[in-house]
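First comes the structure, then the notes that go with it.
Remember, it's a predicted structure, so these values are computed and weren't measured experimentally. In what follows, chains carry the letters A, B, and so on, assigned in the order in which the sequence lines appear, proteins first and then strands, with residues in each chain numbered from 1.
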Amino acid sequence: MRPIFPVVDSKRPVIKHQPFSVIVGQELLQAQALSCIRQDRVLFEQLSFTVRAGDILQVAGKNGAGKSSLLRLLAGLSAPDEGTLHYRSQPLSDVVDDYAANLCFIGHQSGIHEQLTALENLAFWRAAAGVPQPDDYALLAQLGLAGLEDIPCNMLSAGQQRRVSLARLWFTSCQVWILDEPFTALDQSAIAMLQQYFLQHLNRGGAIVLTTHQNLTLQYNSLTTLELAYRW
Amino acid sequence: MRPIFPVVDSKRPVIKHQPFSVIVGQELLQAQALSCIRQDRVLFEQLSFTVRAGDILQVAGKNGAGKSSLLRLLAGLSAPDEGTLHYRSQPLSDVVDDYAANLCFIGHQSGIHEQLTALENLAFWRAAAGVPQPDDYALLAQLGLAGLEDIPCNMLSAGQQRRVSLARLWFTSCQVWILDEPFTALDQSAIAMLQQYFLQHLNRGGAIVLTTHQNLTLQYNSLTTLELAYRW
Amino acid sequence: MHFQSWAEFWAMGGYGLFVWLSFGTTYFLLLALLCYSQLQQKQFKRQLAAKLAREQRVKQYQEQSD
Amino acid sequence: MVALATFLQRELRLLARQKADWLNPVLFFVIVLSLFPLGIGPEPNLLRIIAPGVIWIAALLSVLLAAERLFKDDYRNGVLEQLVATRQALWPFVFAKLISNWLSTGLPLVLLSPLVALLLNVDSASFLAMLLTLLLGTPLLSLLSVLGAALTVSADKGGILLALLILPLYIPLLIFASAAMEAAAMALPYYGQLAIMLAMLLVALALVPFAVNSALKINVS
Amino acid sequence: MVALATFLQRELRLLARQKADWLNPVLFFVIVLSLFPLGIGPEPNLLRIIAPGVIWIAALLSVLLAAERLFKDDYRNGVLEQLVATRQALWPFVFAKLISNWLSTGLPLVLLSPLVALLLNVDSASFLAMLLTLLLGTPLLSLLSVLGAALTVSADKGGILLALLILPLYIPLLIFASAAMEAAAMALPYYGQLAIMLAMLLVALALVPFAVNSALKINVS
Amino acid sequence: MFKWLHPLAKPETVYQLCGRLYPWLLTAALLLLLLGNIWGLAFTPPDYQQGDSYRIIHIHVPAAIMSMGAYSAMAIAAFVALVWQVKVAQWSVLAIAPIGAVYTAIALITGMAWGKPMWGTWWVWDARLTSELILLFLYLGVIALSGAFSDRQTGAKVASLLAVVGVINLPVIHFSVEWWNTLHQGASITKFAKPSIDPSMLWPLLISILAFKVLMLALICLRLRTAILVNEQHRPWVRAMAGDQ
Ligand code: HEM
Ligand SMILES: Nc1ncnc2c1ncn2[C@@H]1O[C@H](COP(=O)(O)OP(=O)(O)OP(=O)(O)O)[C@@H](O)[C@H]1O
Ligand SMILES: Nc1ncnc2c1ncn2[C@@H]1O[C@H](COP(=O)(O)OP(=O)(O)OP(=O)(O)O)[C@@H](O)[C@H]1O
Ligand SMILES: [Mg+2]
Ligand SMILES: [Mg+2]
């Protein structure tokens, strides 16, 4: 049985991150001459960029420009029509397992099961990530979900569901985060908190690729914006 | 068969709105001492407000404050636990059919069928609203979906799907719009266009109730913000 | 009293198995339903008390963090 | 009426797009029927005796499988919610679903009946009875399954709950339909059974749409 | 292993939460079985003859119906997509699904068999055979249905496509299982049939997880 | 006219009323049950045809009759709930359903245990047996449906709708099964015809029927109280009560 009255102390850091072996500025992901074709339409062509440890890459562009498609390519969920991807200077296909183990991808869909409670969803993702020792009450309280830990997620509001989904970022030890519109449905305070946490991750040597239609409001050291044009 | 190359003239107004009989400033919706209980938690209590023709009411608040729940109450989808709703000074339950005929509700979900094309979805909603004479190619072009009219909506990007869903606002002749986070997934230009269109509707004597976590950027004459506190 | 002895009573004229099977299951099911319903009520009352106390704590926590 | 026509057109278009939605129940029907000779043994007499019951059980199951998805998509993407908010458009929507459901599952079963008669050694007298009972019975089946689908749209559990709800309601139909076919096989008249089936159909036709309507309203609120 | 345990726990918790997920297949099984006497007629002898085939067909259908939802939820809300992105966690996920599927559908059918024997007048010799075939056959059934569910998870068509994919694979199982029960009813030995069923089970156990794994990967990309 | 019923729509009143009635009803039911069953088991002569096996009648018939009675009670409550939106009625639907299901199961089990010595088989596909089995399925359907939604209110409403639909279907089932059976069987189960009951056997039977009825009322009171608490847990009076404990 779980304790009914978890001791919540919001000052204490919830997770002690084991720092991944980082050479700051090391090249993590290199895209060379990527192109993506959907429905016989070229979304983008000859796209090359590099993501280094400590970088945050914001993929911008109008609706339908191909941001989500690019992110799915980077996450290894689909293969580029042309061009190559390298992870730590090796072709992605050779090191796909290493890469996957170091990657946290959260897509348009939240990745939480609606019938399960927030706690149970977190336990699932912990196990998938191989992270032990749950301290999820504190984590959820920190995310503003105190008291909602053990009701099925379909009874949470849109933004609360999103918070549960993003909670994964707080215990993952992966270096590369790929996030498709993480700010959807979040209120302003949650967005601010999330961005603060992004900063921490970058300072630890992590890398983030994300899309969002809202502006990133904090001061990032190495923010790159990749503007995709909507091509017909 | 539909013409393959429809003649699109984006200058021409797509729909001629039959102006609803409006007395500007007339009281449309009155909420008196509303309260709402979800999962045995009181989300809000003793909430009273009035929506007049020409008003725009932004329901604000943190995630889980009860914004969506309030909007569903106002749309007649669920009944308030306490308090009453009046439409044009009559109890809502007496005039529910009149009210429904004058109401356009678009919720968190987009209300478009993923297997159908944009055109087919619009045809469906036209029929439901009882609006004849489709000129949907022009409308979709105006919404930036030119060339995407006849592919199934599950092949559209998130923002494009949202645009299809919102297209309904362009042909409805309803006076009251209730929109739950209409800006989700839209890019900045689409948000600007939508707000411009809100202004038109308000000037015609329409009324809008909406939620959004982004700020409304235009100058509205009678914008009211209703701040719901997150209560535990 | 129709039966002469207890043994005869339990035997039920050779139909003991069927008679006692039916009466047994009947009483068992009725009793189970009764206990289950009562248990449900008790359990819920306990849950509610716990929930109220928890609410208190959440309020405290919110006040602290404000 | 305009709305009904448009809605029906939409449903038919969806069926044309997702051919599996009507092809699969039919194939399922045939496959389940062909399982019986395999499971029970190929003696023609035995097959003929069990044919009426088996045909109707297979028909039920295939219609049931198809019904589950009937409102699910429209519920999930919010169409249903927004239709309920407009109220008057709900009626044509329900009728369009009913009609398209029968067209896509009941009608193919009727058209398929000659093949089935062949598979299970049904003689020509019972074949006529089978055709007639299918014609009368499948619309009733559609009505019941649409009702079941409407009751369970927002339920967390899937198809089996639907089956559980519908099967008791369906038993009278099964009894009368297979009785009619048996009577036909014994060269007895079976107008009585057909009349009762017709009566049940009419009653259901009058009542089920109301029930569906309010079930949908309850489910989205 | 840790992951497998957690995942299995998650599945079991889901089952405990959605009791209907395992109760309904069982009820469905019973209800379908009770449809046969209603449709075919209540003569005990006839029922006894068709019992083996009917029991196995009902078992198939109930497992099939339950399997449909197996991956659907996880697909729709993006769990599957994100699991595939992590790769190594997919294996325990698949095994957890397999185990929980059998626990929630196959096992209850085995436990229910005495009742079924009663309903359909099965004698005690065939009852033993029925128990044994169910014990060997339902895991195979689970494997096949999980495979079907994985293959169809992103298909827009629902359960019926699954049924189509699985039913042909299932025919050998049906034939051997009902042959074993018939042999038992005639007091003949039926080790042969059981051995073949065991062999099929082992082969499936070795191959199906791979197939499921790659089916899931293909479906999300 | 129905003014006196009005307070009964108020959950708190019903809660207190049920609380007051429950102990009395429960003791009365237990006493009546003991009286009827002991009388029927030990103090009546055996049936000249069925011997002592007929004593099963003292639970079989009450359970069978009340299984149907419970359904009508449930259906009426469901109808009231749907038409007049009376919340208490809605909760009583879910309170009654398990009771009805248990009674039906008892009728089935005792019937089977009686059928084995009388007909030589545990189960035949007779009309009355079959329709009782279907009744059990209907109950289970209502229970399963009410539990299938994450929102309690929706579950209760949908289950009420199903209960009402089921009641329209009940006579259809009844007659179809009756009619279906006579086509095939009929002769083989003439034993099922009403045995003409001796008054000395009738009294304990009547008492047992009454006992089952009163027990049902008691159980409804108990379960309805829980339902009221669960559904009104946000009300001050419930909270105050829970805080006291
Ligand atoms: C599983 C088996 C059985 C079931 C489901 C069953 C069901 C029922 C039902 C529903 C009733 C109430 C009828 C009414 O009030 O209209 C009933 C009454 C009765 N049953 Fe059974 N029964 C079963 C077996 C038997 C057997 C084996 C006997 C005796 C040989 C028997 C004797 C009676 C009698 C004497 C009555 C009361 C007479 C009457 O009210 O018409 N039952 N049973
Ligand atoms: N599953 C798919 N199959 C075929 N085409 C697709 C699919 N998903 C997207 N597309 C096409 O690719 C284009 C880009 O889609 P994508 O989802 O990448 O856009 P996006 O930049 O993420 O837009 P948004 O800001 O709306 O999320 C769209 O115009 C769409 O037509
Ligand atoms: N279907 C439901 N069943 C039970 N409780 C619910 C349900 N939906 C929401 N709630 C509860 O009601 C509260 C308010 O939810 P609501 O969706 O109204 O919030 P919101 O203000 O729209 O939040 P967001 O900004 O995240 O969309 C939530 O905290 C949630 O716990
Ligand atoms: Mg996108
Ligand atoms: Mg909301």
Side-chain angles (χ1 to χ4, degrees), chain D residues 49 52-53 75 140 143-144 147-180 182-183 186 188 190 192-193 196-197 199-201 203-204 206-208 210-221, chain F residues 71 78-79 81-83 85 90 93 101 104 125 127 129-185:
Chain D
I49 296 174
Y75 172 72
L140 182 52
L143 282 165
L144 292 180
L147 175 59
L151 283 171
T152 55
V153 255
S154 78
D156 308 327
K157 350 275 150 143
I160 287 191
L161 179 64
L162 176 59
L164 182 62
L165 299 181
I166 290 306
L167 285 169
L169 301 182
Y170 161 76
I171 283 171
L173 179 59
L174 172 66
I175 287 174
F176 288 113
S178 53
E182 272 165 37
M186 293 187 279
L188 298 173
Y190 50 90
Q193 289 90 331
I196 295 179
M197 287 176 71
M200 293 197 297
L201 176 59
V203 171
L207 297 181
V208 165
F210 285 95
V212 171
N213 216 331
S214 50
L216 290 180
K217 274 186 198 159
I218 293 170
N219 266 289
V220 298
S221 75
Chain F
Y71 197 92
F79 189 77
L82 286 181
V83 175
Q85 309 278 328
Q90 192 153 86
V93 173
T104 313
W125 289 94
L129 278 60
T130 306
S131 55
E132 187 76 359
L133 186 64
I134 296 169
L135 183 64
L136 180 65
F137 291 153
L138 276 176
Y139 275 123
L140 293 180
V142 171
I143 296 171
L145 190 58
S146 71
F149 297 83
S150 35
D151 186 51
R152 212 180 317 121
Q153 300 289 354
T154 312
K157 282 187 198 158
V158 175
S160 310
L161 194 56
L162 180 66
V164 172
V165 171
V167 91
I168 298 166
N169 202 52
L170 219 48
V172 182
I173 294 175
H174 181 77
F175 290 114
S176 66
V177 171
E178 201 103 296
W179 183 82
W180 157 75
N181 181 257
T182 48
L183 192 72
H184 305 284
Q185 287 252 324

Examine whether an atom of [X] lies under 4.5 Å from a heavy atom of chain F, and if so say whether it belongs to the side chain, the backbone or both; otherwise answer neither.
{"X": "Leu207(D)", "value": "side chain"}
{"X": "Leu147(D)", "value": "side chain"}
{"X": "Ile171(D)", "value": "side chain"}

Practice item. Identify which one of Leu164(D), Asn219(D), Leu162(D), Ile166(D) satisfies the side-chain contact (heavy atoms from CB on, under 4.5 Å) criterion when paired with Thr152(D). Key: Leu162(D)
Check your understanding: Is it the side chain or the backbone of Ile168(F) that comes within 4.5 Å of chain D heavy atoms, both, or neither?
Key -> side chain
Going by atom type alone, with no hydrogens or angles, which donor-acceptor pairs under 3.5 Å involve a side-chain atom of residues 160-167 of chain F and a protein atom two or more places apart or on another chain?
from      : atom 1 : to        : atom 2 : distance (Å)
Ser160(F) : OG     : Ala156(F) : O      : 2.8

Point to revise | Heavy-atom side-chain proximity of Met197(D) to Leu140(D) below 4.5 angstrom | key: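 A side-chain contact under 4.5 Å is absent here.
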Identify each donor-acceptor pair in which a side-chain atom of residues 139-149 of chain F lies under 3.5 Å from a protein atom, sequence neighbours left out, and give them as a table.
from      : atom 1 : to        : atom 2 : distance (Å)
Tyr139(F) : OH     : Ser67(F)  : O      : 2.7
Tyr139(F) : OH     : Tyr71(F)  : N      : 2.8
Ser146(F) : OG     : Ile143(F) : O      : 2.8

Review point. Are Ser214(D) and Leu82(F) close enough, and set up right, to give a side-chain contact (heavy atoms from CB on, under 4.5 Å), and what steps lead you there?
Key: CA-CA 10 Å; Ser214(D) 50; Leu82(F) 286 181; over 6 Å; no
Review point. Among Ala211(D), Ala183(D), Gly148(D), Ser154(D), who wins on heavy-atom pairs under 4.5 Å with chain F?
Key: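 Ranked by contacts with chain F, first place is Ser154(D).
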